[in-house]
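To start, the structure under review is shown below, and the notes come after it.
Keep in mind that the numbers below use all heavy atoms, side chains included, and drop hydrogens, waters and symmetry copies.
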Amino acid sequence: MAASSGKSVLFVCLGNICRSPIAEAVFRKMATDSGVVDKWVIDSGATSDWNTGSTPDARGLACLRKHGIETDHRARQVTKDDFMSFDYILCMDESNLRDLNKKASSVKNSKAKIELLGSYDPEKQLIIQDPYYGSDKDFETVYEQCARCCKAFLEQHS
């Protein structure tokens with residue numbers, strides 16, 4: 001799936017309807033604005049299968065729209081192939097990290113570097129909290145964290 005000459009990143013959270021689609025959309029916009037989107041395969045996924053096929057949370061979509069970003073992502077679960085095809089798998093919290101490392105250990109040719117997206121945050125907010133049970137303000141916080149982290153990640157890998 002990933003272009004052999006390019007780079008690839010998969011953003012992951014628990015359900016792939018709140019945090020990871022925001023991160024994916026933000027990164028895609030930054031890569032597009034920087035003129036490097038053609039060099040990247042960009043996607044997002046879930047550690048769970050709860051929301052497979054669903055569109056992102058309406059509050060997340062509204063938050064993205066407020067920042068001039070659209071997404072048509074549909075939720076999907078991370079597959080074994082993802083560990084072989086993506087260079088980077090960036091997740092939101094310790095629970096995602098544990099689930100991904102456990103899944104990766106059962107994949108023979110796993111090449112993905114699995115990291116917390118927050119490890120790129122210049123403000124050192126390591127964990128991006130799930131806003132699902134929160135308010136619009138919590139989605140805005142997720143957006144801001146994703147924007148800082150995606151900018152730093154793109155700068156380090158372009």
Side-chain angles (χ1 to χ4, degrees), residues 1-3 6-93 95-97 99-100 103-104 107 112-121 125 127-154 157-158:
M1 177 188 167
K7 297 170 184 159
S8 54
V9 60
L10 180 68
F11 296 96
V12 176
C13 66
L14 179 63
N16 193 213
I17 56 167
C18 295
R19 294 168 290 177
S20 56
I22 290 175
E24 177 197 352
V26 166
F27 186 78
R28 189 181 305 282
K29 172 98 166 52
M30 285 180 179
T32 301
D33 292 349
S34 305
V36 296
V37 74
D38 296 343
K39 296 190 174 78
W40 284 90
V41 171
I42 305 161
D43 198 3
S44 63
T47 55
S48 75
D49 61 0
W50 301 339
N51 304 303
T52 301
S54 300
T55 53
D57 188 291
R59 295 164 297 173
L61 290 174
C63 176
L64 285 170
R65 233 173 262 125
K66 199 175 87 181
H67 294 279
I69 303 173
E70 295 285 338
T71 179
D72 57 3
H73 184 76
R74 294 279 181 166
R76 72 174 186 84
Q77 189 172 24
V78 173
T79 66
K80 285 189 171 185
D81 285 346
D82 291 331
F83 294 96
M84 296 182 278
S85 62
F86 281 92
D87 299 321
Y88 297 93
I89 298 180
L90 302 179
C91 63
M92 306 298 154
D93 60 34
S95 168
N96 303 157
L97 195 60
D99 289 346
L100 288 166
K103 204 172 239 190
V107 178
K113 189 169 183 194
I114 303 167
E115 301 176 299
L116 287 168
L117 176 58
S119 66
Y120 290 92
D121 189 352
Q125 293 283 316
I127 303 301
I128 299 175
Q129 299 289 352
D130 192 346
Y132 186 77
Y133 294 105
S135 65
D136 291 345
K137 184 173 169 293
D138 297 308
F139 279 85
E140 184 60 32
T141 300
V142 167
Y143 171 84
E144 287 164 10
Q145 285 179 278
C146 288
R148 293 195 306 265
C149 297
C150 286
K151 182 174 187 285
F153 175 77
L154 185 59
H157 298 96
S158 54

Value for CG (L90) from OG (S44), rounded to nearest 0.5 Å, stands at 11.5 Å
Any side-chain heavy-atom pair from Q129 and D93 closer than 4.5 angstrom?
no
Which distance, rounded to the nearest 0.5 Å, do you find between the CD1 of I89 and the OG of S20?
12.0 Å
Testing N16, L64, L61 one by one against P56 for a side-chain contact (heavy atoms from CB on, under 4.5 Å), which residue passes?
L61
Begin from the C-alpha positions of M84 and V107 and carry the test side-chain contact (heavy atoms from CB on, under 4.5 Å) through to its verdict.
CA-CA 8 Å; M84 296 182 278; V107 178; 3.7 Å; yes
When you look at T55 and R74, which way does the side-chain contact (heavy atoms from CB on, under 4.5 Å) test go after all the steps?
CA-CA 5 Å; T55 53; R74 294 279 181 166; 3.5 Å; yes
Distance from R19 atom CZ to N96 atom CG, nearest 0.5 Å?
5.5 Å
For the backbone of L14 and the side chain of S48, can you confirm whether one donor and one acceptor N or O come within less than 3.5 Å of each other?
yes
Using ring pair (Phe, Tyr, Trp, His ring centres under 6.0 Å) as the criterion, point out the one residue from F153, Y88, F11 that pairs with W40.
F153
Could you tell me the separation between the CD atom of E140 and the CD1 atom of I22, rounded to the nearest 0.5 Å?
9.0 Å
Pairwise side-chain contact, K151 with V26, heavy-atom cut-off 4.5 Å (strictly under):
no
Taking atom types as modelled, is there a side-chain donor on D81 or S85 under 3.5 Å from an acceptor on the other?
no
D82 and R76 ion-paired at < 4.0 Å
yes
Cationic N near anionic O, under 4.0 Å, R148 to D121
yes
Are any side-chain N or O atoms of S34 and backbone N or O atoms of V36, one a donor and one an acceptor, separated by less than 3.5 Å?
no
In short, C146 meets A23 closest at the heavy-atom pair SG-CB, 3.8 Å
What are the two closest heavy atoms between I128 and Q145, and how far apart are they?
CG1-NE2, 3.7 Å
Any chance you could lay out the salt bridge (Lys or Arg N to Asp or Glu O under 4.0 Å) test for D99 and K103, step after step, and finish with the verdict?
CA-CA 6 Å; D99 289 346; K103 204 172 239 190; over 6 Å; no
Quick check: are there more than 12 heavy atoms from other residues, nucleotides or ligands sitting under 6.0 Å from CG of D72?
no
Is a donor from one side chain sitting under 3.5 angstrom from an acceptor on the other, for H67 and E144?
no
Step by step, would you call C91 with L116 a side-chain contact (heavy atoms from CB on, under 4.5 Å)?
CA-CA 5 Å; C91 63; L116 287 168; 4.0 Å; yes
What is the distance from atom CE of M92 to atom CG of L117, rounded to the nearest 0.5 Å?
5.0 Å
Looking only at non-hydrogen atoms, find the nearest pair between C18 and Y132 and report the distance.
SG-CD1, 3.9 Å
Note: F83 and I114 closest approach over all heavy atoms is CE2-CD1, 3.7 Å
How long is the straight-line distance from CG of L154 back to SG of C149, given to the nearest 0.5 Å?
12.5 Å
Give me the atom names and distance for the closest heavy-atom approach of K7 to S158.
NZ-CA, 3.8 Å
How far apart are the closest heavy atoms of I17 and A75, and which atoms are they?
CG2-CB, 4.1 Å
D138 side chain to S135 side chain, donor-acceptor N/O pair below 3.5 angstrom:
yes
Check: R28 side chain, I42 main-chain N or O, donor-acceptor pair, under 3.5 Å
yes
Start with the C-alpha gap between H157 and Y120, add the side-chain angles, then the distance that decides, and say whether side-chain contact (heavy atoms from CB on, under 4.5 Å) holds.
CA-CA 11 Å; H157 298 96; Y120 290 92; 3.4 Å; yes
